[in-house]
Amino acid sequence: LIMKDNSLRLVSPEQALKELDLTEHQLRFTCRVQLQDPHGDTDTLSRVYTHLKSILKGYTIQHLPDSTVMVESIVIKVSSSSEDPNAKVLLLSWSYQDEDLGSFLSTLLRKGLPHGLC
Amino acid sequence: VEEPPELLAPKPLLSGVVPLEPFLATLTKHGITEVKVEDTADGHILHLQAEDTLIQLEEDGTHIVCDNNEPLRIVLRDLVLRFLQKL
C-alpha cells in the first residue's frame, strides 16, 4: 500500500519500490552442507533429487542438465573433495524471499540421505 | 522427518544499504571480533575468521556464505536485516 500524490493505492512490492525510487537489496545465503555419500557427484545429486521429491509435495523440484537441483528458486549443487571422494559438499543457495524453505532444506540435508535411496 | 513448510507467501522485498562501519560495530557487539575486511570494486568482503564465514556487502545486495551453522546464519541474517527496510 503506498501513499503518493495524496492518494492511497495497493500495488505489488516491486511496483512500490519503483514508484518510490528505491532499489531492491538482494539478501542471499549460501550454505555448505557436508555429506558422506559413497557415490559419484552426479549420483549423489540424483539421490538428493529423489529424496527431496519424496518429502516435498506440492513444490516445484527440477533436476537440471547443468548438474543442479532446484527447489522453487533454491539452487543445490554437489562437489567432492579430491582427498576423500566420499566426502561431499552440498552447496545450497537461496534468497531471503525463500528463507523458510532454504532454512528447512539445509537442516534436512544435514541429516544425510536415507539408505536404500536409488 | 520434520514437516516441510507450507507454501507461504514469500518474504517482503528489501531495500536500502548495509553500511560497513555500523555493521562492523554491530558484529563486534555480538562477539564477532575477528573480521578481515577486503575492498572490492563493488563493496567489501568481510571474512569472519573464527566462524569461517564470508559476508559480501554491496550497494544492492548482501551475500552470506557459511558452513551449515544455522544459529550463526540466523544471527547474521537478523543483523543484516536491521539495516534494511522491508516492503
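Protein chains get the first letters and strands the later ones, always in sequence-line order, with residue 1 at the start of each. As the structure is a computational prediction, the values presented were derived from the model and not from experiment.
- Shown here for A:His25 and B:Val17, the closest heavy-atom pair between the two residues is ND1-CA, 4.2 Å.
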Checklist entry - Would A:Gln26 and B:Leu14 satisfy side-chain contact (heavy atoms from CB on, under 4.5 Å), going step by step from the backbone distance to the final call? => result CA-CA 7 Å; A:Gln26 283 273 352; B:Leu14 303 170; over 6 Å; no
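- A:Leu105 and A:Leu91 fall into different hydrophobic clusters, defined by Ile, Leu, Val, Met, Phe, Trp and Tyr side-chain heavy atoms under 4.5 Å apart, directly or through other members.
- If you chain together hydrophobic residues whose side chains sit under 4.5 Å apart, A:Val75 and A:Tyr59 never meet in one group.
- Nearest heavy-atom pair across B:Lys11 and A:Tyr96 is CG-O, 3.3 Å.
- Here the side chain of B:Ser15 pairs a donor or acceptor atom with the backbone of A:Thr23 at under 3.5 angstrom.
- Heavy atoms of A:Ser95 lying under 4.5 Å from chain B are absent altogether.
- With a 6.0 Å radius and a threshold of 12 heavy atoms from other residues, nucleotides or ligands, A:Asn6 has its CG atom at or below the threshold.
- Shown here are the ring-ring contact (aromatic ring centres under 6.0 Å, His included) partners of A:Phe29, two or more places apart in sequence or in another chain: A:Trp94.
- Neither A:Leu64 nor A:Val48 shares a network with the other; the hydrophobic side chains, linked directly or stepwise wherever heavy atoms of I, L, V, M, F, W or Y lie under 4.5 Å apart, form separate groups for each.
- For residues 24-41 of chain B, an interface with chain A (any heavy-atom pair closer than 4.5 Å) does not exist.
- Within residues 51-68 of chain B, the residues that have a heavy atom under 4.5 Å from a heavy atom of chain A are B:Asp52, B:Glu58, B:Glu59, B:Asp60, B:Gly61, B:Thr62, B:His63, B:Ile64, B:Val65, B:Cys66, B:Asp67, B:Asn68, listed by number.
- Between B:Leu13 and A:Gln97, the shortest heavy-atom distance links the atoms CA-NE2, 3.4 Å.
- Along residues 78-87 of chain B, the residues that come nearer than 4.5 angstrom to chain A, judged on non-hydrogen atoms, are B:Val80, B:Leu81, B:Leu84, B:Lys86, B:Leu87 in order of number.
- Under the 4.5 Å side-chain contact rule for hydrophobic residues, A:Met70 and A:Leu109 do not share a cluster.
- Among A:Arg28, A:Glu24, A:Gln34, the residue making the largest number of heavy-atom pairs under 4.5 Å with chain B is A:Arg28.
- Between B:Ile74 atom CD1 and A:Ser103 atom OG the span is 5.0 Å, to the nearest 0.5 Å.
- With a 4.5 angstrom heavy-atom cutoff, A:Ser106 touches chain B via backbone and side-chain atoms both.
- By the rule that hydrophobic residues join a cluster once side-chain heavy atoms approach within less than 4.5 Å of another member, A:Phe104 and B:Leu72 end up as members of one cluster.
- In this structure, chain A has heavy atoms under 4.5 Å from both the backbone and the side chain of B:Val18.
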Item to check | Test salt bridge (Lys or Arg N to Asp or Glu O under 4.0 Å) applied to A:Arg110 and B:Glu70, step by step | outcome: CA-CA 10 Å; A:Arg110 189 172 46 180; B:Glu70 192 60 3; over 6 Å; no
